[in-house]
Amino acid sequence: MEEIPLLTPYKMGKFHLSHRIVLAPLTRLRSYNNLPQEHAKLYYAQRATPGGLLISEATGVSETAQGYKHSPGIWTQEQVEAWKPIVDSVHAKGGIFFCQIWHVGRASKYEDGSIEAFSPPKSLSTDEIPQIVDDFTLSARNAIQAGFDGVEIHCAYGFLIDQFLKDSVNNRTDRYGGSVQNRCRFALEIVDSVSKEIGSDRVGVRLSPFSTSLDCSDSDPDTLGLHMAHALNAHQVLYCSMVEPEPVKTNGGLKSFQKLGAMRERFEGTFIVGGGYDRERGKRVVRESYADLVAYGKWFLANPDLVRRFEINAGLNKYDRSTFYTHDPVLGYTDYPFLDS
């Protein structure tokens with residue numbers, strides 16, 4: 001029988017993984033009033049496997065960090081208690097569960113009557129930055145109290161930390177702007193503080209240097225990615241998760257790119273890749289040591305038994321984009337069928 005690289009075991013720090021397939025962090029907007037709900041317990045348990053790594057949906061570090069209706073938080077004790085049974089459900093299946101923590105920054109929204117709009121952006125003053133660092137640190141501590149095995153710091157996709165990293169957005173003239181070293185300072189201050197609070201062996205970081213999401217791009221994403229990969233080594237974080245450039249349309253369909261090789265070589269910990277991967281590409285990048293683990297989003301969302309389907313090369317459920325961000329506790333959330341159903 002063919003050995004499937006994605007299904008080989010891997011030791012990630014003190015965590016023993018039975019396979020290389022990771023549930024990517026996926027915003028689902030079903031945590032009413034920022035409080036994780038009972039239906040999330042089923043959603044995550046459905047996708048948990050013995051020795052499998054799951055990353056939670058992006059979870060707010062403070063009330064001011066929120067930007068999307070019904071996204072979860074972890075800054076209050078009530079939220080910590082709400083997360084506990086969800087985390088327990090993953091552990092009961094033998095899974096390993098990290099909480100992704102974020103601040104949306106200028107992507108925050110507000111409702112003006114029946115109109116949802118972006119709130120006017122405002123640069124953080126230098127004096128305000130330590131409070132944001134403290135918010136991430138407190139949320140990391142809360143995540144461990146809730147039972148999570150670690151946290152993933154969200155530095156990607158145009159949200160607050162990425163707004164500091166990318167030169168199309170960061171126009172600061174203080175020590176947080178200008179050079180790539182300065183633009184990475186805020187991210188690394190958060191990494192440092194969180195690592196000291198819960199231990200660097202429980203900290204992962206997600207980056208998307210090539211992303212242009214939310215009009216947040218960089219003129220030299222290769223240099224940005226390489227600098228962050230190297231800088232993270234000094235903090236000895238457990239893993240770095242990076243997102244590939246978006247596929248582009250060609251006459252032959254969509255063309256995908258693999259541009260993270262140099263960053264993988266630069267980073268000394270576990271390297272996770274994501275962005276447009278299917279079974280065959282995932283097998284290849286693990287076999288070629290381009291990545292240690294592969295994060296799957298849409299396909300894992302639509303196939304709670306994705307690990308089993310990849311094992312036997314079974315067909316996949318198609319995902320329904322129209323239900324990605326609705327608030328229904330079942331439809332498009334926990335009702336995707338398993339193979340045996």
- request: Give the C-alpha distance, both sets of side-chain angles, the deciding distance and a yes or no for ring pair (Phe, Tyr, Trp, His ring centres under 6.0 Å) between F15 and F98.
  value: CA-CA 12 Å; F15 302 104; F98 273 53; 5.7 Å; yes
Heavy atoms of other groups near H230 NE2, more than 12 under 6.0 Å: no
field: H154 ring center within less than 6.0 Å of F159 ring center
entry: yes
query: Between Y32 and H70, what is the shortest heavy-atom contact and its length?
result: CA-ND1, 3.2 Å
- request: Take Y336 and Y43 through the ring pair (Phe, Tyr, Trp, His ring centres under 6.0 Å) test and state the conclusion after the steps.
  value: CA-CA 10 Å; Y336 281 105; Y43 172 77; 9.3 Å; no
message: Using side-chain heavy atoms (C-beta onward) and a distance below 4.5 Å, is R20 in contact with T8?
response: yes
field: R309 CZ to R279 CZ distance, which is reported to the nearest 0.5 Å
entry: 13.0 Å
task: Test the R281-Y277 pair against the cation-pi criterion, namely NZ or CZ under 6.0 angstrom from the six-membered ring centroid and within 45° of the ring axis.
output: yes
task: Supply the atom-to-atom distance Y157 OH to R206 CZ, rounded to the nearest 0.5 angstrom.
output: 5.0 Å
- request: Evaluate side chain to side chain contact (heavy atoms under 4.5 Å, CB included) for T326 paired with L331, printing each intermediate quantity in order.
  value: CA-CA 9 Å; T326 61; L331 182 65; 5.8 Å; no
message: Nearest 0.5 angstrom please: Q163 CD to N171 CG, how far?
response: 11.5 Å
query: Can you check whether D162 reaches C155 side chain to side chain, under 4.5 Å on heavy atoms?
result: no
- prompt: More than 12 heavy atoms of other residues, nucleotides or ligands under 6.0 Å from CG of D88: is that the case?
  reply: yes
- prompt: Do the rings of Y44 and F97 sit parallel, tilted or perpendicular, given the 30° and 60° boundaries?
  reply: tilted
